[in-house]
Amino acid sequence: MSSILYSVDDAVAVVRLNRPDRRNALDTATLGELATIVDELDRPTVRGVLMTGEGAAFCAGADVGEWQEGYEDSGAGWTARMHQIMERLFWLRKPVVAAVNGPAVGAGCDLALVADIRIASTEARFGE
């Protein structure tokens, strides 16, 4: 099962984080998928982007359950990789909308903040 559901319909790309059992936390594999999808978003066939989460959360941030002592210093560089993806999303030359359907925490809050527009449900919560 893919950790991100991605589709394009009428030039609108929908990026749906798909790890509801982990509250859509971003693990290394999900970051890899997201980086590939950001490349797709830069194509001229995409004119707008909608990001959201599957289930009750938008994104719980980093899936630190996969981290071990020294993980960030080991060259795995989760934070640097995430920041690179965020920067690419921020500079996309098309509108990015975050439909925040639930908690957006840590890197999940950052993901919502790089969008041009945020639409939050009554269940949305933001935290760093």
Side-chain angles (χ1 to χ4, degrees):
M1 175 170 92
S2 180
S3 59
I4 300 178
L5 302 176
Y6 174 71
S7 63
V8 178
D9 188 30
D10 288 333
V12 176
V14 177
V15 179
R16 183 180 302 272
L17 300 175
N18 187 36
R19 298 184 71 218
D21 56 316
R22 301 289 300 162
R23 302 189 57 78
N24 298 318
L26 302 168
D27 63 359
T28 304
T30 304
L31 283 185
E33 283 185 57
L34 190 55
T36 300
I37 287 169
V38 171
D39 289 338
E40 296 289 323
L41 298 176
D42 209 17
R43 297 179 187 264
T45 54
V46 174
R47 299 192 57 203
V49 180
L50 174 68
M51 293 187 303
T52 193
E54 187 68 28
F58 178 75
C59 179
D63 190 345
V64 296
E66 75 174 2
W67 294 12
Q68 297 152 4
E69 188 173 335
Y71 176 84
E72 272 300 296
D73 300 324
S74 70
W78 187 97
T79 302
R81 191 169 184 199
M82 184 62 190
H83 287 175
Q84 180 184 44
I85 292 167
M86 297 281 188
E87 184 174 358
R88 289 171 57 204
L89 279 168
F90 179 80
W91 290 109
L92 270 179
R93 296 180 53 108
K94 51 200 72 179
V96 177
V97 176
V100 184
N101 55 311
V105 181
C109 184
D110 298 344
L111 191 58
L113 291 174
V114 297
D116 299 298
I117 299 169
R118 284 154 298 286
I119 300 171
S121 79
T122 57
E123 301 302 314
R125 301 290 182 266
F126 298 87
E128 284 293 339

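Only heavy atoms go into these numbers, but all of them, side chains included; no hydrogens, no water, no symmetry mates. All figures in this text were calculated on a predicted structure; none of them were measured in a lab.
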Residues which pass salt bridge (Lys or Arg N to Asp or Glu O under 4.0 Å) with [X], listed by chain and number, not counting sequence neighbours:
{"X": "Glu40", "value": "Arg43"}
{"X": "Arg118", "value": "none"}
{"X": "Arg23", "value": "none"}

### Query
Quick one: are Ile37 and Ile4 in side-chain contact, heavy atoms under 4.5 Å?
yes
### Message
Main chain of Leu26, side chain of Asp63: is a donor-acceptor contact present, judged purely on distance under 3.5 Å?
### Response
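No: the side chain of Asp63 does not pair with the backbone of Leu26.
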### Message
Checking the side chain of Asn101 only, and the main-chain atoms of Glu123 only, is there a donor and an acceptor separated by less than 3.5 Å?
### Response
no
Can you list the residues that meet the side chain to side chain donor-acceptor pair (under 3.5 Å) rule with [X], with sequence neighbours excluded?
{"X": "Asp27", "result": "Thr30"}
{"X": "Ser2", "result": "Glu33"}
{"X": "Arg88", "result": "Asp39"}

### Query
Linking I/L/V/M/F/W/Y whenever their side-chain heavy atoms sit closer than 4.5 Å, directly or via other members, would Ile117 and Val114 fall into one cluster?
no
### Message
Assigning hydrophobic clusters by single linkage (Ile, Leu, Val, Met, Phe, Trp, Tyr; side-chain heavy-atom cutoff under 4.5 Å), is Val38 placed with Val96?
### Response
yes
### Query
Near Glu87 CD, under 6.0 Å, is it more than 12 heavy atoms from other residues, nucleotides or ligands?
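Not buried by this count: 12 neighbours or fewer within 6.0 Å.
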### Message
Does anything in residues 101-117 form a salt bridge (charged side-chain N to carboxylate O under 4.0 Å, His left out)? List the pairs, not counting sequence neighbours.
### Response
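Output for this query is empty, none listed.
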In chain order, what residues pass the side-chain contact (heavy atoms from CB on, under 4.5 Å) check against [X], with sequence neighbours excluded?
{"X": "Phe126", "result": "Val100, Ala104, Cys109, Ala112, Ala120, Ala124"}
{"X": "Asn18", "result": "Met1, Leu5, Pro20, Glu54"}
{"X": "Val12", "result": "none"}

### Message
Just to verify, which of Asn24, Val15, Leu89 counts as forming a side-chain contact (heavy atoms from CB on, under 4.5 Å) with Leu111?
### Response
Leu89
### Message
Val14 vs Asp9, test: side chain to side chain contact (heavy atoms under 4.5 Å, CB included). Steps then yes/no.
### Response
CA-CA 8 Å; Val14 177; Asp9 188 30; over 6 Å; no
